[in-house]
Amino acid sequence: VQHDAIARLVKKNGGKLVGAESGRAGYDLTFAIAYLRDFAMTHFVLSDSFETFVPWSCLDEAIRRAKSKINDEHKRRALPGKPFMSSRITQVYHEGACIYFYMAIYTKGVANACAVFHEMEESARNEIMVAGGSLSHHHGIGKIRAPYLCTETQPSVVSPAWRDWISTTKQAVDPRNVFGVRNNMLAGESSSH
């Protein structure tokens, strides 16, 4: 039933149904990505992946905006070479899909290359959210996206009431801050150990 529904969506939207084998190969590649990344770094290439959930009505716009932003930022910063930015849908739901973005830039001669890469990735993430996508999907918030929970540094994706609620809950359940130390909105806190 799910396969038939996906096949109809793919046909209706001009996509290509590649089957389960391609998905398995993509999953298997996740085990090699860290090694490929480390090898690429020895040749001045920084790369990473990030994911989001996007409603179907926003999917094309989120992909277009993210890719366009990376190209614009690369050009604005006069970086060497050409940026690489690709995307693929890894999970589908009635409401939308999880999109993985893969990004790489050549950084030979670039000062503060890691910071530049992070800023470019962040700019793409902002465009995804402007287009209606979420901050993350199954990777969660963590340390990298924690600033989005605080209004001082990024447009906040949560209300002050939510931040108060999560802080109160965290204090009640984990007063010594053992679990999730320095993650999410708790990134500025340190363990009492």
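Source: prediction; values computed, not measured.
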Interatomic distance, Lys67 atom NZ to Asp72 atom CG [nearest 0.5 angstrom]: 14.0 Å
Within 6.0 angstrom of Asn112 CG, more than 12 heavy atoms from elsewhere: no
Path from Leu135 to Met103 over hydrophobic side-chain contacts below 4.5 Å: no
Residues that Asn71 engages under side-chain hydrogen bond (donor to acceptor under 3.5 Å, both in side chains), provided they are two or more places apart: none
Shortest non-hydrogen separation from Pro80 to Val110 and the atoms involved: CD-CG2, 3.7 Å
Cluster overlap Phe50 with Leu36, hydrophobic side-chain contacts below 4.5 Å: no
Single-linkage hydrophobic cluster, 4.5 Å side-chain cutoff, Trp56 and Tyr100 together: no
Please list every donor-acceptor pair under 3.5 Å in which a side-chain atom of residues 81-96 meets a protein atom from a residue at least two apart or in another chain.
| unit_1 | atom_1 | unit_2 | atom_2 | d |
| --- | --- | --- | --- | --- |
| Arg88 | NE | Tyr102 | OH | 3.0 |
| Arg88 | NH2 | Tyr102 | OH | 3.4 |
| Tyr93 | OH | His137 | NE2 | 3.0 |

For Glu121, side-chain hydrogen bond (donor to acceptor under 3.5 Å, both in side chains) partners two or more places apart: Arg125
Remaining members of the apolar cluster that contains Phe39, side-chain heavy atoms under 4.5 Å: none
Separation of Leu17 CG from Arg8 CZ (nearest 0.5 Å): 12.0 Å
Value rounded to 0.5 Å, distance of OG1 in Thr168 from CD in Gln171: 8.5 Å
For Arg37, salt bridge (charged side-chain N to carboxylate O under 4.0 Å, His left out) partners two or more places apart: none
Donor-acceptor pair, side chain of Ser49 and main chain of Phe101, under 3.5 angstrom: no
Val45 and Lys108: CA distance, side-chain angles, deciding distance, side-chain contact (heavy atoms from CB on, under 4.5 Å) verdict: CA-CA 8 Å; Val45 175; Lys108 187 172 185 178; over 6 Å; no
Euclidean distance, Lys69 NZ relative to Ser123 OG, rounded to 0.5 Å: 5.5 Å
Backbone of Leu9 reached by a side-chain donor or acceptor of Asn13 within 3.5 Å: yes
Taking every non-hydrogen atom, the tightest pair across Ala111 and Val116: O-CG2, 3.8 Å
Backbone N/O of Trp165 and side chain of Thr169: donor-acceptor pair under 3.5 Å: yes
Set of salt bridge (charged side-chain N to carboxylate O under 4.0 Å, His left out) partners for Glu127, sequence neighbours left out: Arg65
Shortest non-hydrogen contact from Val54 toward Gly133: CG2-CA, 3.8 Å
Connected via hydrophobic side-chain network under 4.5 Å: Ile128 and Phe53: no
CD1 on Ile63 to SG on Cys58, rounded to 0.5 Å: 11.5 Å
Same apolar cluster (I L V M F W Y, side chains within < 4.5 Å links), Phe117/Tyr106: no
Nearest heavy atoms of Val10 and Lys16, plus distance in Å: CG1-N, 3.5 Å
Leu79 and Met120, any side-chain heavy atoms less than 4.5 Å apart: yes
Nearest heavy-atom neighbours spanning Ser136 and Glu51: OG-OE2, 2.8 Å
Pair Glu73-Glu119, side-chain contact (heavy atoms from CB on, under 4.5 Å): steps then yes or no: CA-CA 9 Å; Glu73 284 293 310; Glu119 290 166 7; over 6 Å; no
Minimum heavy-atom distance Gly132-Pro55, with the two atoms named: O-CD, 3.3 Å
